[in-house]
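Below is one structure, written out as structure tokens; the observations come after it.
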Amino acid sequence: MQQYEERDEHDNHEGHEDHEDHEDGLRGRLVRAGVELVNAEGAQALSLREIARRAGVSHGAPRRYFPTHLDLLSAIARQGFAELAERLSEEDREEAVARERIAILARVYLAYAGTRRGMYELMFRHDLLESGRLGLRETSLPLFAHLTELVDRATNTGRDAATNAGRDAATNAGRDAAMATGPNAGPAADAALRAGALWANLHGIAQLWHWGSLGLATGGTDPAPLLAAALDAHLGPAEPTP
């Protein structure tokens with residue numbers, strides 16, 4: 001009798017795991033369908049009905065996993081931030097000085113904006129997203145904190161000579177800076193403001209270059225000189241190469 005009870009308990013446990021795998025599978029399929037859709041057709045195409053159709057489920061199925069349309073959009077955008085972070089990690093050079101690392105970050109950011117137009121536009125439309133849900137802030141804010149840390153080091157003498165322990169401290173300072181507010185927040189807030197201004201500049205370059213406005217106004221065929229000018233404007237002129 002005990003054998004049957006143990007077998008029933010085992011079968012129920014397996015059934016529960018299968019159900020969880022099935023639920024996770026359908027949820028993941030919806031997010032993947034949304035990622036493919038936004039990359040192919042842009043953020044304006046992300047209707048619940050179309051995502052469901054591409055995922056091969058009924059148009060009401062997304063509501064089982066994402067109570068609102070915004071929840072699903074947030075889950076899709078989270079994948080974009082994860083992909084951008086991965087690209088940055090692949091290109092970053094930790095041994096380089098902070099300014100050079102900022103330049104690398106900026107180039108990756110502009111390249112991502114150019115190759116993932118739909119996702120890029122969705123990621124920063126916080127009027128469309130529920131950034132406090134589904135871990136979106138936990139994915140997006142560290143990217144800004146990383147930029148803030150680098151800006152802090154690039155604009156403070158001697159920070160590039162920091163040891164690994166010093167770099168860890170700078171990382172924490174950057175994260176604090178990303179959340180710092182108020183008139184008495186100090187140097188950390190200054191770094192966050194500089195980083196925010198630089199980010200806004202990069203975003204403007206990405207958008208206006210895509211629309212053709214910057215190329216028309218400047219006569220340029222490459223955004224690289226604009227990027228260099230933005231870095232000089234926000235970080236000061238680069239030191240001459242010895």
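Atoms considered below: every heavy atom in the structure, side chains included; atoms not considered: hydrogens, waters and symmetry mates. Note that this is a predicted model, so its numbers are computed, not measured.
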Subject >> Ile102/Leu198 under side chain to side chain contact (heavy atoms under 4.5 Å, CB included): CA gap, chis, key distance, verdict >> reply: CA-CA 10 Å; Ile102 293 172; Leu198 176 56; 3.8 Å; yes
Subject >> Backbone of Leu88 reached by a side-chain donor or acceptor of Asp92 within 3.5 Å >> reply: no
Subject >> Polar side-chain atom of Arg29 near backbone of Ala55 as donor-acceptor pair, under 3.5 Å >> reply: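 Here the side-chain-to-backbone pair exists.
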If you round to the nearest 0.5 Å, how far is [atom2] of [Y] from [atom1] of [X]?
X      : Y      : atom1 : atom2 : value
Met119 : Glu83  : CE    : CD    : 7.0 Å
Leu147 : Leu105 : CG    : CG    : 5.5 Å
Glu86  : Tyr112 : CD    : OH    : 10.5 Å

Within-4.5 Å side-chain heavy-atom neighbours: [X] and [Y]:
X      : Y      : result
Arg64  : Arg27  : no
Leu84  : Met123 : yes
Asp190 : Thr155 : no

**OP:** Test Arg78 against Glu138 for side chain to side chain contact (heavy atoms under 4.5 Å, CB included), laying out the working first.
**Re:** CA-CA 9 Å; Arg78 189 167 188 252; Glu138 287 75 7; 5.6 Å; no
Subject >> Partner residues of His69 under the side-chain contact (heavy atoms from CB on, under 4.5 Å) criterion, sequence neighbours left out >> reply: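 With sequence neighbours excluded, His69 shows a side-chain contact (heavy atoms from CB on, under 4.5 Å) to Leu48, Leu73, given in chain and number order.
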Original post:
side-chain contact (heavy atoms from CB on, under 4.5 Å) with Thr115: which residues, sequence neighbours excluded?
Top reply: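 With sequence neighbours excluded, Thr115 shows a side-chain contact (heavy atoms from CB on, under 4.5 Å) to Arg87, given in chain and number order.
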Original post:
Should Leu46 and Glu50 be marked as a side chain to side chain contact (heavy atoms under 4.5 Å, CB included) after you check the CA-CA gap, both sets of side-chain angles, and the distance that decides it?
Top reply: CA-CA 7 Å; Leu46 290 173; Glu50 180 59 19; over 6 Å; no
Write down the atom of [X], the atom of [Y], and the distance for their closest heavy-atom approach.
X      : Y      : result
Asp152 : Ala191 : CB-CB, 3.8 Å
Phe66  : Ala75  : CE2-CB, 3.7 Å
Pro62  : Leu72  : CB-CD2, 4.5 Å
Ala192 : Phe144 : O-CZ, 3.5 Å
Val151 : Arg194 : CG1-CB, 3.6 Å

Subject >> Partner residues of Trp199 under the side chain to side chain donor-acceptor pair (under 3.5 Å) criterion, sequence neighbours left out >> reply: Tyr109
Taking distance alone, no hydrogens or angles, what donor-acceptor pairs closer than 3.5 Å link side-chain atoms of residues 221-236 to residues at least two apart or in another chain?
{"residue": "Asp222", "atom": "OD1", "partner": "Ala224", "partner atom": "N", "Å": "3.0"}
{"residue": "Asp232", "atom": "OD1", "partner": "Arg99", "partner atom": "NH2", "Å": "2.5"}
{"residue": "His234", "atom": "NE2", "partner": "Asn201", "partner atom": "OD1", "Å": "3.0"}

In residues 33-42, what donor-acceptor pairs under 3.5 Å come from side-chain atoms, sequence neighbours left out?
{"residue": "Asn39", "atom": "ND2", "partner": "Val35", "partner atom": "O", "Å": "3.2"}
{"residue": "Glu41", "atom": "OE2", "partner": "Arg54", "partner atom": "NH2", "Å": "2.8"}

Original post:
Do we see a donor-acceptor contact under 3.5 Å between the side chains of Ser74 and Asp71?
Top reply: no
Original post:
Quick one: ring pair (Phe, Tyr, Trp, His ring centres under 6.0 Å) partners of His203, sequence neighbours excluded?
Top reply: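 Ring pair (Phe, Tyr, Trp, His ring centres under 6.0 Å) check on His203 returns Tyr120, Phe124.
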Original post:
Any chain of hydrophobic side-chain contacts (each under 4.5 Å) joining Trp211 to Leu122?
Top reply: yes
**OP:** Walk me through it: do Arg153 and Arg101 pass the test side chain to side chain contact (heavy atoms under 4.5 Å, CB included)?
**Re:** CA-CA 11 Å; Arg153 289 171 53 194; Arg101 294 179 70 188; 3.3 Å; yes
